[in-house]
Protein chains: 2
Amino acid sequence: MNARIDAHGAQLDQVFAALADPTRRAILTMLLEDDMAVTDVAEPFEMSLAAISKHLTILAAAGLIAQEKRGRVKWCKLDPDALRAASVWMQGFGQFEPVNLDAFERFLAAELDDGSATADAAPSPGAEQIPDGH
Amino acid sequence: MNARIDAHGAQLDQVFAALADPTRRAILTMLLEDDMAVTDVAEPFEMSLAAISKHLTILAAAGLIAQEKRGRVKWCKLDPDALRAASVWMQGFGQFEPVNLDAFERFLAAELDDGSATADAAPSPGAEQIPDGH
DNA sequence: CCCATATTCAACCAATCGGTTGACGATTTT
DNA sequence: AAAATCGTCAACCGATTGGTTGAATATGGG
């Protein structure tokens with residue numbers, strides 16, 4: 001009877017828990033620019049491929065990304081629906097200014113607000129910045 | 001050098017991790033209606049006062065609530081600034097419709113979107129369907 | 001067919017989490 | 001002064017998390 005309720009809450013659990021890790025937020029930021037294969041997602045990080053694979057599984061379980069296997073490579077793409085659900089929940093606590101950003105400002109905001117994408121999660125050698133686009 | 005950046009990322013870590021627990025989300029929903037003392041926050045839940053006290057400490061560390069001790073009672077009030085920061089981060093992933101709600105609709109949204117709000121948090125309506133432990 | 005590439009699986013580890021209980025200090029109340 | 005109330009602290013517990021390694025399972029290319 002409260003299965004529906006539990007499911008609903010559990011989904012928020014997963015989304016927020018997924019977002020609570022700086023590596024996973026950095027991955028999302030990377031996917032904001034482009035769909036990527038698992039190996040490419042892992043490349044800028046200092047941890048093992050298996051660890052990144054686990055992170056991607058968690059992001060997919062939360063509904064934050066979608067994964068599609070084409071050939072031997074598994075492509076990861078952002079799936080903002082779950083983020084929207086969490087965002088709506090938050091907005092219940094006060095209308096935050098809509099923060100109307102165009103595409104580029106959006107990217108900048110993500111880069112700055114989750115500084116960890118550069119500092120925490122990227123390889124120390126300052127080699128490749130995560131979102132190497134700009 | 002990356003102290004600022006780390007602080008920023010760490011703050012998001014704390015906010016999202018705090019939101020990842022249904023008990024803590026339920027507490028926030030309760031505080032949306034009224035400031036409350038620790039004992040009153042704990043009353044609808046099936047867990048110990050000490051456990052609720054820990055949850056409140058986590059919420060306060062994340063900046064999601066503020067606590068003020070008056071006499072022997074410690075009052076807890078919602079502090080939406082940290083939520084706003086997290087919300088802004090999320091909006092970097094796509095403009096979600098601003099969801100312009102008035103106060104009552106806001107409460108309803110919180111209740112529905114986090115289905116657990118009905119079961120977990122709705123303090124008054126007699127129902128004691130608090131998340132039974134586990 | 002053989003080899004390299006892409007990804008996951010399985011077992012393990014230390015650290016953290018969410019909860020309990022019982023004792024405790026601080027403040028009201030009687 | 002004594003007793004009750006408010007809230008935290010400290011120690012403990014099992015479960016989960018985030019990471020590691022090494023082997024296994026596709027799939028693709030020469």
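To find a chain, count down the sequence lines: A is the first, B the second, and so on, and within it residues start at 1.
Taking the side chain as every heavy atom from C-beta outward, B:Leu64 and B:Gln14 never approach each other to under 4.5 Å.
Rounding to whole angstrom units, CG of residue A:Leu56 and C1' of D:dG18 are separated by 14 Å. If you measure from atom NE2 of B:His55 to atom P of C:dT16, you get 18 Å, rounded to the nearest angstrom. Separating the CD1 atom of B:Ile27 from the C1' atom of C:dG19 is a distance of 13 Å, rounded to the nearest angstrom. For the pair B:Ile52 CD1 and C:dG18 P, the interatomic distance rounds to 12 Å; values are reported in whole Å. For B:Asp40 and D:dG7, the CG to C1' distance is 12 Å, given to the nearest whole Å. The separation between B:Asp21 atom CG and C:dT16 atom P is 18 Å, rounded to whole Å. As rounded to whole Å, 15 Å separates atom C1' of C:dC17 from atom CG of B:Asp13. Here the P atom of nucleotide D:dG7 and the CD atom of B:Glu68 are 13 Å apart, to the nearest Å.
DNA chain D is contacted by both A:Arg24 and B:Gln67; B:Gln67 maps to the nucleotide lying nearer its 5′ end (nearest heavy atom per residue).
How far CG of B:Asp40 is from CG of B:Asp35: 11.5 Å, rounded to the nearest 0.5 Å. Atoms CG and CE, on A:Leu56 and A:Met36 in that order, are 10.0 Å from each other to the nearest 0.5 Å.
Listed by first then second residue, pairs satisfying salt bridge (Lys or Arg N to Asp or Glu O under 4.0 Å) with a partner in residues 48-69 of chain B read B:Glu68-B:Arg70, not counting sequence neighbours.
Under a 4.0 Å N-O distance rule, the pair B:Asp34/B:Lys77 does not qualify as a salt bridge.
Residue B:Thr39 has a polar side-chain atom (N or O) positioned under 4.0 Å from OP1 or OP2 of D:dG7.
Between A:Trp89 and A:Phe16, the angle of the ring planes goes over 60°, which puts this pair in the perpendicular group of the 30/60° scheme.
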Worksheet item: Which parts of nucleotides 20-30 of chain C does protein reach within less than 4.0 Å, heavy atoms only, written one letter per nucleotide 5' to 3' as B for base, S for sugar-phosphate only and - for none?
Response: BB-----BS--
